[in-house]
Amino acid sequence: MQTVVLAAGSGTRMRPLTETQPKPTLPVAGRPLIGHALSGAAAAGASRFIIVVNPHTSAVEEAIGETVDGVPVEYVTQTEQRGTADAVAAALDALDPEPFVVLNGDSLYDEASLAKLYASTPAVGSFRVDNPSSYGVLTVTDGRVTDVVEKPTDPESNLINAGGYALPTEVQQWLDVPESERGELEFTDVLLRVCETFDVTPVSFDRWLDVGRPWDLLAANEWKTPEVEPTIEGTVDDDATLSGNVHVAPGATVRSGVVIDGPAYIDTGATVGPNAYIRGTTYVGPDAKVGHAVEVKNSVLMAGATVGHLSYVGDSILGCDTNLGAGTKIANLRHDGQPVQLTVKGERVSTGRRKFGVVLGAGAKTGINTSLNAGLTLSPGAATTPGEVVTRDR
Ligand code: TTP
């Protein structure tokens with residue numbers, strides 16, 4: 001079935017990472033986030049992809065190209081980020097007058113659940129969560145979706161709209177919706193009409209992840225990295241010890257004395273060591289460098305990130321081309337044992353993680369012996385001085 005994939009959002013909750021690249025291109029287990037949804041959809045029965053992209057960047061096109069697993073990909077542009085209904089409407093000219101699937105390009109889905117969605121038109125993907133008030137909550141009556149309420153204060157169930165729809169052809173005429181209270185043209189309003197007109201099946205997803213905030217990127221890598229075939233294609237010194245699921249991509253180098261407790265993904269051109277220790281679920285991006293006697297735990301190091309010798313990086317995301325001076329230490333635990341908080345769109349929000357470090361925007365640099373407190377972000381290009389103790393975002 002033809003499939004529209006939404007990838008034109010601004011990703012404001014994912015800042016500072018999305019100040020320099022679109023969210024669907026952030027790395028998850030060695031490929032762009034959106035690539036996982038596309039591969040899952042290709043296996044589930046997508047016949048062609050129409051990806052809706054933002055006009056300010058060609059990064060999604062460059063990351064995905066013209067086919068995914070043999071399924072052709074076209075791109076259409078949403079001129080302004082006016083909402084999800086507007087994003088689907090941007091694909092109208094490219095759609096054939098046939099049923100279609102819509103997926104969010106920033107969610108992870110499991111393949112079997114997507115297959116159920118593709119086989120059940122009209123259908124909406126659903127998932128049970130602990131915090132339904134943050135989502136669109138579904139009312140299901142006699143096995144059919146009868147209502148969708150956006151972000152209710154008093155949700156009537158924990159079954160939420162997971163942003164995946166298999167839709168009849170008629171819906172292509174229903175995308176022109178009025179602005180919502182939040183000032184957006186929301187697909188929820190289209191979905192309500194679909195539910196009034198058709199018997200819509202709530203396809204229950206076994207596994208699903210909305211990658212909205214920085215710590216969701218860690219969760220995404222924790223999900224997908226163990227699924228990567230553990231292959232050693234790069235150069236690994238005889239003296240290095242690799243255990244668990246470790247993928248070393250072509251052109252990557254793991255030097256003497258390195259210990260990697262997988263799951264880990266060491267991408268093309270990256271170098272690790274000598275004598276470094278990598279544990280937790282860790283991604284070391286293309287051309288990234290993990291220096292001598294560095295420990296990296298449960299972190300994402302994006303392309304070109306460099307961690308100088310004698311540093312510690314825990315539960316953190318280092319943006320592209322960041323550079324940690326020697327001896328940089330990242331705290332990832334509060335003394336009171338409470339979940340670490342991070343500022344998202346100006347508000348302190350719990351990451352839900354007892355262990356969480358920092359998020360560094362592209363090109364941020366630390367001077368030697370910098371200490372970064374748990375739960376802070378550095379903007380793209382920000383810098384610290386040698387020996388600095390950083391306790392606030394900058
Ligand atoms: P959201 O998660 O609502 O928005 P976002 O991804 O831009 O993130 P944030 O809220 O942090 O700013 O979007 C859901 C999906 O729809 C996501 O895949 C992005 C996509 N989208 C568009 O393509 N165009 C739009 O105008 C909007 C609002 C979202």
Side-chain angles (χ1 to χ4, degrees), residues 3-26 28 32-38 40-41 49-61 63-64 74-92 94-95 100-109 114 124-125 127 129 131 133-136 148 150-151 160-165 167 175-177 179-191 208-217 219-220 317 342-347 349 351 359 361 377:
T3 300
V4 177
V5 184
L6 306 185
S10 311
T12 48
R13 291 165 300 150
M14 190 57 90
R15 288 180 186 158
L17 302 172
T18 43
E19 283 174 57
T20 45
Q21 70 181 89
K23 186 168 53 172
T25 66
L26 292 174
V28 174
L33 167 61
I34 191 175
H36 295 275
L38 294 170
F49 290 119
I50 302 158
I51 305 185
V52 183
V53 295
N54 193 296
H56 306 297
T57 166
S58 54
V60 177
E61 289 96 314
I64 297 301
E74 293 155 63
Y75 297 90
V76 297
T77 303
Q78 182 190 16
T79 321
E80 261 182 88
Q81 280 45 69
R82 299 178 66 204
T84 43
D86 182 64
V88 180
L92 265 183
L95 277 166
F100 61 112
V101 165
V102 175
L103 297 175
N104 285 348
D106 60 354
S107 292
L108 291 182
Y109 310 85
L114 278 182
V124 53
F127 193 68
V129 297
N131 56 336
S133 297
S134 306
Y135 299 92
V148 189
E150 273 308 316
K151 302 189 169 64
I160 60 112
N161 171 4
Y165 317 95
L167 300 162
L175 298 170
D176 193 8
V177 293
E179 224 174 63
S180 70
E181 279 172 15
R182 294 189 298 165
E184 287 190 15
L185 306 175
E186 299 192 27
F187 196 78
T188 308
D189 290 326
V190 180
L191 182 61
W208 172 79
L209 180 68
D210 171 36
V211 184
R213 289 89 33 102
W215 56 93
D216 297 322
L217 190 65
I317 303 165
L342 197 76
T343 303
V344 175
K345 296 179 87 169
E347 278 180 34
V349 179
T351 61
V359 183
T377 61

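Quick caveat: nothing in here was measured; it's all calculated off a predicted structure. Index from 1, following the sequence. Counting starts at 1 for both ligands and their atoms, following the listed order.
In this structure, CG on Leu191 lies 9.5 Å from CD on Glu150, to the nearest 0.5 angstrom. Atoms CG and CZ, from Leu185 and Arg82 in turn, are 4.5 Å apart once rounded to the nearest 0.5 Å. Considering CD of Gln78 and OG1 of Thr84, their distance stands at 9.0 Å, rounded to 0.5 Å. Rounding to the nearest 0.5 Å places CG of Leu26 at 11.0 Å from CG of Asp216. With rounding to the nearest 0.5 angstrom, the CG atom of Asp176 is 9.5 Å from the CG atom of Asp86.
When Val344, Val5, Leu6 are checked for heavy-atom proximity to atom 20 (C) of ligand 1, Leu6 turns out nearest. The option with the heavy atom closest to atom 14 (C) of ligand 1, from among Asn104, Leu185, Val211, is Asn104.
Annotation for ligand 1: atoms under 4.0 Å from non-hydrogen atoms of Arg82 are 26 (O). For ligand 1, the atoms lying closer than 4.0 Å to a non-hydrogen atom of Gly105 are 18 (O). Ligand-side atoms of ligand 1 in range of Gln81: 26 (O), range being under 4.0 angstrom from any heavy atom. Distances below 4.0 Å separate heavy atoms of Gln78 from the following atoms of ligand 1: 22 (C), 23 (O), 24 (N), 25 (C), 26 (O). Each of the atoms 7 (O) of ligand 1 lies under 4.0 Å from some heavy atom of Ser10. Residue Ala87 has at least one heavy-atom neighbour below 4.0 Å for each of these atoms of ligand 1: 22 (C), 23 (O), 24 (N).
At under 3.5 Å, a nitrogen or oxygen of Thr12, whether backbone or side chain, sits near a nitrogen or oxygen of ligand 1. Of the N or O atoms in Asp106, one or more lie within a sub-3.5 Å distance of an N or O in ligand 1. For a threshold of 3.5 Å applied to N or O pairs, the pair formed by Lys345 and ligand 1 contains no separation below that value. Ligand 1 has no nitrogen or oxygen under 3.5 angstrom from a nitrogen or oxygen of Met14. For a threshold of 3.5 Å applied to N or O pairs, the pair formed by Gly212 and ligand 1 contains no separation below that value.
For atom 6 (O) of ligand 1, the nearest protein heavy atom (residue, atom name, distance) is Lys23 NZ, 3.1 Å. Of all protein heavy atoms, the one lying nearest to atom 5 (P) of ligand 1 is Gly11 N, 3.7 Å. Atom 26 (O) of ligand 1 has as its closest protein heavy atom Gly83 N, 2.9 Å. In terms of protein heavy-atom proximity, atom 23 (O) of ligand 1 is closest to Ala8 N, 3.0 Å. The protein heavy atom nearest to atom 22 (C) of ligand 1 is Gly9 N, 3.5 Å. Scanning the protein heavy atoms around atom 3 (O) of ligand 1, the nearest turns out to be Arg13 NH2, 4.8 Å.
Between Pro32 and Ile64 the shortest heavy-atom distance is CG-CD1, 3.9 Å. Among all heavy-atom pairs drawn from Leu342 and Val359, the shortest one is CD2-CG2, 4.0 Å.
By the ring-ring contact (aromatic ring centres under 6.0 Å, His included) test, Phe187 is found to be paired with Tyr165, residues two or more places apart in sequence or in another chain being considered.
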- [ ] Any chance you could lay out the side-chain contact (heavy atoms from CB on, under 4.5 Å) test for Phe49 and Leu103, step after step, and finish with the verdict?
- [x] CA-CA 10 Å; Phe49 290 119; Leu103 297 175; 5.7 Å; no
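Using a 4.0 Å cutoff on heavy atoms, Thr84 counts as a contact of ligand 1.
A side-chain contact (heavy atoms from CB on, under 4.5 Å) with Val148 holds for exactly one of Thr188, Asp189, Ile160; it is Thr188.
Proximity of Val101 to Leu114: side-chain heavy atoms (C-beta onward) are nowhere separated by under 4.5 Å.
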Determine all donor-acceptor pairs shorter than 3.5 Å in which one atom belongs to a side chain in residues 5-14; sequence neighbours excluded.
from	atom 1	to	atom 2	distance (Å)
Thr12	OG1	Lys345	NZ	3.3

